[in-house]
Every structure is written in structure tokens, then in C-alpha cells.
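As C-alpha cells, the structure follows; a few thoughts come after it.
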Protein chains: 2
Amino acid sequence: MNPNPSMAPNPYSRQCPTRLVLDRIADKWTVLIMGLLRQRPWRFNALLREIDGLSQKVLSQTLKRMERDGLVHREAFPTVPVTVEYSLSALGETLAGSVNVLIEWSETHIKAVVAAQQAYDARQSGARQ
Amino acid sequence: MNPNPSMAPNPYSRQCPTRLVLDRIADKWTVLIMGLLRQRPWRFNALLREIDGLSQKVLSQTLKRMERDGLVHREAFPTVPVTVEYSLSALGETLAGSVNVLIEWSETHIKAVVAAQQAYDARQSGARQ
DNA sequence: CAGCATCCCAAACGATACTG
DNA sequence: CAGTATCGTTTGGGATGCTG
């Protein structure tokens with residue numbers, strides 16, 4: 001698919017496979033899920049309860065994509081009813097710290113962002129008069 | 001909006017303002033744009049040409065959001081026709097390195113991801129028979 | 001418990017035309 | 001050049017019901 005397989009990956013090119021990867025890891029649910037899996041393994045419904053606003057359908061899709069991309073490991077235990085545990089793969093571990101930085105940045109700089117938004121909105125409504 | 005303003009921010013809660021911030025910075029276009037602005041200031045149409053697959057409409061929306069969030073600075077020069085330059089704000093600088101790690105991760109681990117995808121797909125088609 | 005299948009709606013996006 | 005405005009389509013996602 002990459003028109004220049006011999007060249008270095010370039011996510012600014014539409015066909016580059018790194019673009020597909022970036023599309024997925026630069027995703028809010030992926031970031032939040034990895035933030036939890038970084039702590040310990042989680043079960044499906046535990047993740048669902050923990051992440052407010054995430055629907056069962058989207059969690060299912062996201063976990064499946066992450067499993068396909070090799071970021072998470074899925075293990076089903078033959079209990080009744082079945083128990084499924086999600087954990088980070090070795091590959092996922094290499095990414096987890098990086099995405100967690102985004103969560104930490106949000107927490108650290110939230111006040112500055114909200115202040116910037118209010119200043120921007122005030123400028124706009126003032127300019128519009 | 002945050003039901004517990006006295007508590008630490010918690011992006012896993014739907015109402016937490018950090019969630020809104022995370023929604024925006026964990027976005028593929030934002031990551032790619034910041035990756036470029038990190039190098040030097042860019043003009044609107046230069047960004048548009050550089051980022052393959054990004055439409056004018058979405059670039060416009062994304063830059064406006066980033067400006068409102070205080071991540072980028074927009075400066076218009078009174079030339080004819082007008083010249084507009086986008087650059088990182090001080091706040092944006094604090095984030096730029098972190099998001100760039102995601103781009104670098106994509107480039108570094110793209111082979112492992114594609115291999116994982118192929119292995120997954122092979123398992124699936126095999127299991128389906 | 002851990003999902004999948006279906007229906008349905010709202011938001012996102014591309015394409016196009018137009019403007020200071 | 002650097003956008004805005006509108007429109008039609010596509011996609012994502014919620015809600016619900018069902019299954020191993």
C-alpha cells in the first residue's frame with residue numbers, strides 16, 4: 001500500500017501504514033483504556049464500568065482493534081460463566097507510558113486550557129459586537 | 001461541570017473537564033498538526049498540502065479548536081492577499097513533545113503492528129473454517 | 001459474564017460554491 | 001491566500017434484544 005516501501009515511514013502520507021496505526025492510538029478511548037491496563041489486567045465489564053460514557057459496543061470494537069494491532073492480550077478462562085481478562089502485551093507496554101503522558105498533560109494543564117477557552121470566547125463575543 | 005471540583009481531575013469521569021481536553025489532543029489530526037508546528041511556524045495552505053487526506057474544512061475546524069484551547073497562536077499579516085501563520089503557543093510547546101512520541105512510536109513499531117494484524121487475521125480465518 | 005446483531009439517529013466529513 | 005457557508009452523504013455510536 002505504501003507507494004515508497006523503501007523510504008522511511010511518513011504518517012503525513014495518506015497511504016502510509018503508520019497513518020493507520022496513528023489513527024488508532026491517537027484515539028481517546030484507546031488512551032483511556034491503556035491508562036487502566038497499564039495498572040493491572042482488567043475484565044470487560046470492569047472496564048465498561050470504569051470508563052464513564054463508553055458504550056459496550058464501542059469498548060468491544062476498541063478492544064478487538066487493540067488486540068488485532070497486538071497492543072493487548074485477551075485471555076478467556078473456562079469458568080461458568082466465562083471470565084475474560086485483558087492485559088497489555090509486550091508491544092502495548094512500549095506504548096502505554098507514552099499515551100499516559102497525554103492523560104497526565106490533561107490533568108496538569110486543564111486550568112490553563114479552560115482559561116484559554118474563556119479568554120478566546122470573550123474575545124470573540126467582544127469582537128462580534 | 002465537574003461534580004467534585006475539590007477532587008483531583010479524573011478523565012475517567014464523563015463530566016470531568018480533562019475528558020474534553022483529552023478528546024481533542026488524542027486526535028489524529030491534532031497530533032499530526034502539532035508534529036509539524038513543532039518544527040516551525042506554518043501557513044494554512046502549507047499545512048493543507050503537507051497533511052495528505054486532510055480537508056480544508058477539517059483543518060480549519062481543528063486549528064480553530066487548537067487556538068481556542070490555547071495550543072496554537074494565529075498571526076495574520078496585513079499583506080495582499082493576507083498571510084496567516086500558525087505556531088505553537090507556550091502551552092502548546094509543553095504538549096508538542098508528548099504527542100510527537102506517538103508519531104515516533106508509530107514509525108518505530110509499524111512492522112510489529114502489521115505483523116500482529118496479519119497473525120490475528122490468519123488466526124481468525126483459520127478458526128472460521 | 002462477555003459479548004454479537006440489529007435498528008436508528010446524530011454527528012462528522014467531503015465536495016462545492018463563494019468572500020474579504 | 002485564508003478562509004466561511006451550505007448541502008448531501010457517510011460514518012460512528014446509542015439503545016435494545018439476544019446468546020454461549
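To find a chain, count down the sequence lines: A is the first, B the second, and so on, and within it residues start at 1.
Spacing between atom NZ of B:K28 and atom C1' of D:dT11 amounts to 12 Å, rounded to whole angstrom units. Put simply, CG on B:L59 is 17 Å from P on C:dA12, counting in whole angstrom units. The separation between A:R49 atom CZ and C:dA2 atom C1' is 12 Å, rounded to whole Å. Straight-line distance from the CG atom of A:L54 to the C1' atom of C:dA2: 14 Å, rounded to whole Å. Rounding to whole angstrom units, CZ of residue A:R65 and C1' of D:dG13 are separated by 12 Å. We find that CG of A:L63 is positioned 11 Å from P of C:dA2, with the value rounded to whole Å. Whole-Å rounding puts the A:I51 CD1 to D:dG14 C1' distance at 17 Å. Protein atom CD of B:E67 is 14 Å distant from nucleotide atom P of D:dA2, rounded to whole Å.
Looking at the side chain of B:V58, the nearest of the listed nucleotides C:dA2, D:dG3, C:dG14 is C:dG14. Residue A:R74 places its side chain closer to C:dG3 than to any other of D:dG3, C:dG3, C:dC13. Of the candidates C:dC1, C:dG14, D:dG14, C:dG14 carries the atom nearest the B:S55 side chain, counting heavy atoms from C-beta on. Looking at the side chain of B:K57, the nearest of the listed nucleotides D:dC1, D:dG3, D:dC7 is D:dC7. Ranking D:dG3, C:dG14, C:dC4 by closeness to the A:K64 side chain, first place goes to C:dC4.
Put simply, the side chain of A:Q56 and the base of C:dC4 share a donor and an acceptor less than 3.5 Å apart.
Nearest heavy-atom pair across B:R19 and A:D52 is NH2-O, 2.7 Å.
Residue B:R43 has a polar side-chain atom (N or O) positioned under 4.0 Å from OP1 or OP2 of D:dA2. Within the 4.0 Å cut-off from OP1 or OP2 of C:dC4, at least one side-chain nitrogen or oxygen of A:S60 is found. Phosphate proximity of D:dC1 to B:Y86: absent, as no side-chain N or O sits under 4.0 Å from OP1 or OP2.
Here the side chain of B:W42 pairs a donor or acceptor atom with the backbone of B:L36 at under 3.5 angstrom.
Taking the nucleotide of DNA chain C with the nearest heavy atom to each of B:Q61 and A:A46, the more 5' of the two is matched to A:A46.
In this model, a donor atom of one side chain and an acceptor atom of the other lie less than 3.5 Å apart for B:E104 and B:N100.
Annotation: side chain of A:R43 is not in contact with side chain of A:Y86 (no heavy-atom distance under 4.5 Å). Side-chain atoms of B:L54 and A:Y12, non-hydrogen and from C-beta on, never get closer than 4.5 Å to each other.
Within 4.0 Å of A:V84, counting heavy atoms only, lie sugar-phosphate atoms of the nucleic acid but no base atom.
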